[in-house]
Amino acid sequence: MCGIVAYLGHRQARPLLLEGLKRLEYRGYDSAGMAVINGGLHVARAVGRVSNLEALVTADPGFTGTLGIAHTRWATHGGVTEANAHPHRDDTNGIALVHNGIIENYSALRTYLTERGHVFTSETDTEVLAMLIGELYDPAHGMDLEKAVQAALREVTGAYAIAVVCEREPDTLVCARKGSPLLVGVGSGEFVVASDASAIVAHTTQAFPLDDYNVCKITREKFTTSTIHNVPVTPRVEQLELDLEQIELGGYSHFMQKEIFEQPRALRTCMRGRLDAAEGTVVLGGLRQFAPQLVRSRRVILAAQGTALHSAMIGEYLLEDLAKVPAECEYASEFRYRNPIIEEGTVVVAVSQSGETADTLAALTEAKERGALALGVINVVGSSIPRITDAGVYLRAGPEIGVASTKAFTAQVAVLTMVSLFMARRRFMSAEQCGSLIRELEQVPDKIERVLELNDSIRAITEKYVERENWLFLGRGYNYPTALEGALKLKEISYIHAEGMPAAEMKHGPIALIDDGMPAVFIATRGSQYEKVMSNISEVRSRGGHVIAVATEGDQEIHHHAQDVFYIPDVPECLSPMVAVVPLQLMAYHAAVLRGHDVDKPRNLAKSVTVE
Ligand code: M6R
């Protein structure tokens, strides 16, 4: 989604802002812009890549200055045009503003401001906020930039992270947040504000996240933080848990490729210190305090979107199978609006890589208000969802930059497995059974490493089918969600139409799609439904489909059924999605590269969807 970076300090703002914007490119955007204070206010905006903006500002001497704000926009209100790109300005005082989020009452505010004689030049909600701040700005009567921002934000509903400058206050940067993340990086005599730590970490590792309804005024000497009602707040500056190496390609061609290959390491970090095979116990510090409530829970609802929904679906199977607790999984976007019934003993688990997905955040808020115990399975530390949960478990997968989620998926499944074992062990599971599953879980990273060795053959097989425009992904039981994930990966980066479904569902309609040579990817690993999957494969073959199977090492039988086979190591059925998904991730990656697509910045997609 949109990205913000702002700078006030002793260095030139322009190169720093451009570098910050490039680090934020992965979030997805369609236009970019920058404002620098240099005598007056200088603003440049461009549709398309940050490089287009770079070409504009590099040639312009107006953009030499040490205070500036910049933005990458992902269109919500108004089309992808230069006029709609940020920064937006007021029409009187030389105020410029960049904004992430949505001002929900912008229409009423626009009418009010139009009646006051203001003329708008864009279709955005953001320009309304810039104009409102300008309308309230009156330094002669105590309404300086900070106070005008506070007053304006008291009038708006919706979500925002903003950074604001004014040519009449060339030593002041004001930023604020409600519902959309914003970090203030505190360097030596300089400040870098950004919506994402990746734009800060090259300059300082000291930062604090702004809280909702908080406004931060930064001058060249210091910063002060207050609420929008001007009550002082003291933030805690902390060390950022991120280093540059984690957000750089380091020899890989794309972040998605890097993150697929990072999975063994990410899973080892995710599990480190949390498993005790000898004792048959799982140690999850974040849940310890709530263990009695979890043991007594009557129902678990998992809410998520996209890839996180697929891991949550596996979580549903795991919780019922291992912990014997009724579980259901749902799109967060549906859950929040359908008046859900939350009875005593209901636990709601939000699963999200970013911790910022608007629908997942809103679903958890709704569930909490209705009395559920609110848990989070989140990757980004300190993001919005963990800030409202009662408890949770972080993935520790490291930053995921590729828009197509890969290592977060396997880490989410690993965490949901550990949560299921944590509950199972306190309910019905013996130490021996738990210990033996833990030993298997600990071997998963090694098994993924062996699958990654198949990279070249996976590429070769993908090449055979890459021109086909329609694919099916089929699986049963634990690997039905894996099939959904395989289809999602393929469509989002290669733009091939792919459908995932339970293998048995195919006969109820989708089988009509199968024509000569249509690729059908089956997760056909050894397990309780192996024979059934073989029957489904035959149904596809007899209609001319080409079957690509993910099968268990040593299964020779599969060659009688599938034209192409990826062998993965044997793994217990309940843990198999973490290993079986890897060839599907690699297929999607190679398909996108072979088709010449920008793997890390697929069209129309944003890394985290912070609007409904
Ligand atoms: O940050 P989240 O895990 O909450 O994001 C949820 C989805 O937006 C995300 O998984 C999306 O589907 C990815 N592009 C999938 O690769």
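Scope of the values below: all heavy atoms of this structure, side chains included, with no hydrogens, waters or symmetry mates. Just so you know, ligand 1 is whichever comes first in the structure, and atom 1 is the first atom listed for that ligand.
Atoms of ligand 1 found under 4.0 Å from any heavy atom of A308, numbered from 1 in the order shown, are 3 (O), 10 (O). Here is the list of ligand 1 atoms found below 4.0 Å of a heavy atom in V403: 13 (C), 14 (N), 16 (O). In the vicinity of A404, heavy-atom distances shorter than 4.0 Å reach the ligand 1 atoms 16 (O).
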Salt bridge (Lys or Arg N to Asp or Glu O under 4.0 Å) assessment of D212 paired with R387: CA-CA 10 Å; D212 278 352; R387 289 153 82 100; 5.9 Å; no
E248 vs R23, salt bridge (Lys or Arg N to Asp or Glu O under 4.0 Å): CA-CA, chis, key distance, verdict: CA-CA 9 Å; E248 289 185 338; R23 295 225 186 257; 3.2 Å; yes
From CA spacing to verdict: salt bridge (Lys or Arg N to Asp or Glu O under 4.0 Å), E400, K607: CA-CA 9 Å; E400 189 181 68; K607 178 62 183 162; 2.7 Å; yes
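Regarding atom 6 (C) of ligand 1, its nearest protein heavy-atom neighbour is Q305 O, 3.3 Å. Here the protein heavy atom with the shortest distance to atom 10 (O) of ligand 1 is T307 N, 3.0 Å. Protein heavy atom nearest atom 3 (O) of ligand 1, with residue, atom name and distance: Q353 N, 2.7 Å. Among protein heavy atoms, atom 8 (O) of ligand 1 sits closest to V609 CG2, 4.1 Å. Among protein heavy atoms, atom 4 (O) of ligand 1 sits closest to T357 OG1, 2.4 Å.
Of all the heavy atoms of E492, the ones lying under 4.0 Å from any atom of ligand 1 belong exclusively to the side chain. At a heavy-atom cutoff of 4.0 Å, ligand 1 is contacted by no atom of K607, backbone or side chain. At a 4.0 Å heavy-atom cut-off, ligand 1 touches S354 through backbone and side chain alike.
Residue-to-ligand polar distances place S405 within reach of ligand 1: an N/O pair is separated by less than 3.5 Å.
The two residues C574 and D321 make their nearest non-hydrogen contact at CB-OD2, 4.5 Å. Shortest non-hydrogen contact noted between L452 and V582 is CD2-CG1, 3.7 Å.
By the 4.5 Å heavy-atom criterion applied to side chains, P583 and L454 are not counted as neighbours. Taking 4.5 Å as the limit, every side-chain heavy atom of K447 sits out of range of all side-chain heavy atoms of M578. Using a 4.5 Å cut-off on side-chain heavy atoms (C-beta onward), P209 and L182 make no contact.
A distance below 6.0 Å separates the ring centres of Y589 and H254.
Using a 4.0 angstrom heavy-atom cutoff, K489 counts as in contact with ligand 1.
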